[in-house]
Amino acid sequence: MKLPAKTEKVIALLKKEYPAAKIALDFSTPMELLVATILSAQSTDVTVNKVTPAIFSKYKNVHAYARADLKELEQEIYSTGFYHNKAKNIIGAAKLIIEQYHGKIPATMDEILELPGVARKTGNIVLYNAYGVVAGIPVDTHVRRLSQRLGLTRNNDPEKIEQDLMKLVPRKLWGKFSYLLIDHGRKICDAKKPKCPACILNKLCPSYKKFFPIR
DNA sequence: CTCCCGATAT
DNA sequence: ATATCAGGAG
């Protein structure tokens, strides 16, 4: 089957299976989303959602993060890991948003990438979920793993995978697509032992044989 | 390519 | 007790 046709089927099946697929991070403002997404680097959304309620009620806006005490913030986000980097990045991003962007989180990819701790995955997530801006496809570890297993890309670099996916997936679905793969990745196609026999995509999946050779 | 780090599964 | 998970910067 040709890749575009296969991609269409994958999307149709996943939409039927996960009609409510969406971001799993808790937030209520663009700044909260930015903070949560920076924290989610190399950390699960579940872990992030445990620390954000406390910091969201303590830091009410961009200015509060800009004047946050580094050590205090480090303690508050400790359990998400890489807390020295993340605390510095959050404060640095807040200061830059105030100085360069008039206190508003930028709504274009070029601008948001200027913020410390923000690369394409984080940029795509914030632009899409805060503003509905579709700049690309967020490629996190789930999107990368499933795209590779499904044969939608031969690349390993997330940025190249994003380019491959953008050619295959209709633009209106760029935002939704990631969350479909992520839901399926968490539930069925996990990193360690994918549950291929229970997978609704196994007939389309080149990796089925690989994981279950005899079948 | 290396460093940054805790949480969770096994 | 140890392997594996989970992005970005220099």
Side-chain angles (χ1 to χ4, degrees), chain A residues 21-27 31-55 65 70-97 100 105-106 108-130 135-149 153 155-166 174-175 177-196 198 207 211:
Chain A
K22 66 168 181 55
I23 186 167
L25 293 170
D26 298 329
F27 69 97
M31 186 58 190
E32 288 186 359
L33 175 59
L34 175 66
V35 171
T37 311
I38 289 175
L39 292 178
S40 79
Q42 296 290 97
S43 180
T44 65
D45 292 347
V46 173
T47 299
V48 172
N49 287 338
K50 284 178 186 167
V51 310
T52 46
I55 58 181
Y65 287 101
L70 179 62
K71 294 298 174 191
E72 280 179 30
L73 186 55
E74 285 180 355
Q75 295 316 307
E76 289 153 358
I77 66 173
Y78 178 84
S79 62
T80 68
F82 301 110
Y83 53 89
H84 292 297
N85 289 339
K86 289 176 182 177
K88 189 161 3 111
N89 287 339
I90 288 169
I91 293 171
K95 288 179 173 169
L96 206 150
I97 288 165
Q100 306 294 322
I105 287 82
T108 68
M109 183 61 88
D110 284 350
E111 291 176 323
I112 206 166
L113 287 177
E114 293 297 316
L115 305 178
V118 178
R120 289 198 64 89
K121 178 248 175 183
T122 298
N124 275 317
I125 287 176
V126 174
L127 293 181
Y128 177 67
N129 292 285
I137 299 177
V139 178
D140 70 351
T141 187
H142 298 288
V143 175
R144 175 170 73 175
R145 186 180 66 252
L146 270 70
S147 298
Q148 291 174 332
R149 286 179 178 172
T153 182
N155 284 302
N156 193 41
D157 170 25
E159 298 212 8
K160 288 182 178 170
I161 293 175
E162 186 183 352
Q163 298 305 317
D164 291 338
L165 294 177
M166 287 191 289
W174 283 5
F177 183 69
S178 290
Y179 295 111
L180 291 171
L181 289 191
I182 291 168
D183 272 16
H184 193 59
R186 293 204 239 259
K187 219 181 144 194
I188 302 289
C189 194
D190 56 284
K192 288 179 179 171
K193 31 180 182 54
K195 304 160 184 63
C196 298
S207 303
F211 289 120

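First the proteins, then the strands, lettered A, B, ... as listed; each starts at 1. Side chains included, hydrogens not; waters and symmetry mates left out as well; all remaining heavy atoms used. Computed from a prediction, not measured in an experiment: that's the story for all the values here.
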Of the candidate nucleotides [options], which contains the atom at the shortest distance from the side chain of [X]?
X	options	value
A:Lys121	C:dA6, C:dG8, B:dA7	C:dG8
A:His84	B:dC5, C:dG7, B:dA9	B:dC5
A:Phe82	C:dG7, B:dA9, B:dG6	C:dG7
A:Thr44	C:dC5, C:dA6, C:dG8	C:dA6

Would you indicate what [X] reaches in the nucleic acid, counting non-hydrogen atoms under 4.0 angstrom: base, sugar-phosphate, or nothing?
X	answer
A:Leu113	nothing
A:Pro158	nothing
A:Thr80	nothing
A:Asp140	sugar-phosphate
A:Val46	nothing

Check: Got a donor-acceptor contact below 3.5 angstrom from the A:Lys86 side chain to the A:Gly81 backbone?
Finding: yes

When the distance from [atom1] of [X] to [atom2] of [N] is rounded to whole Å, what number comes out?
X	N	atom1	atom2	value
A:Glu162	C:dG8	CD	P	11 Å
A:Leu146	C:dA6	CG	P	11 Å
A:Lys193	C:dC5	NZ	P	12 Å

Notebook entry, point to check: So which pairs with a foot in residues 136-147 of chain A pass side chain to side chain donor-acceptor pair (under 3.5 Å), sequence neighbours left out?
Noted result: A:His142-A:Arg145

Item checked: First of A:Gln42 and A:Lys50 reached from the 5' end of DNA chain B, by closest nucleotide -> A:Gln42

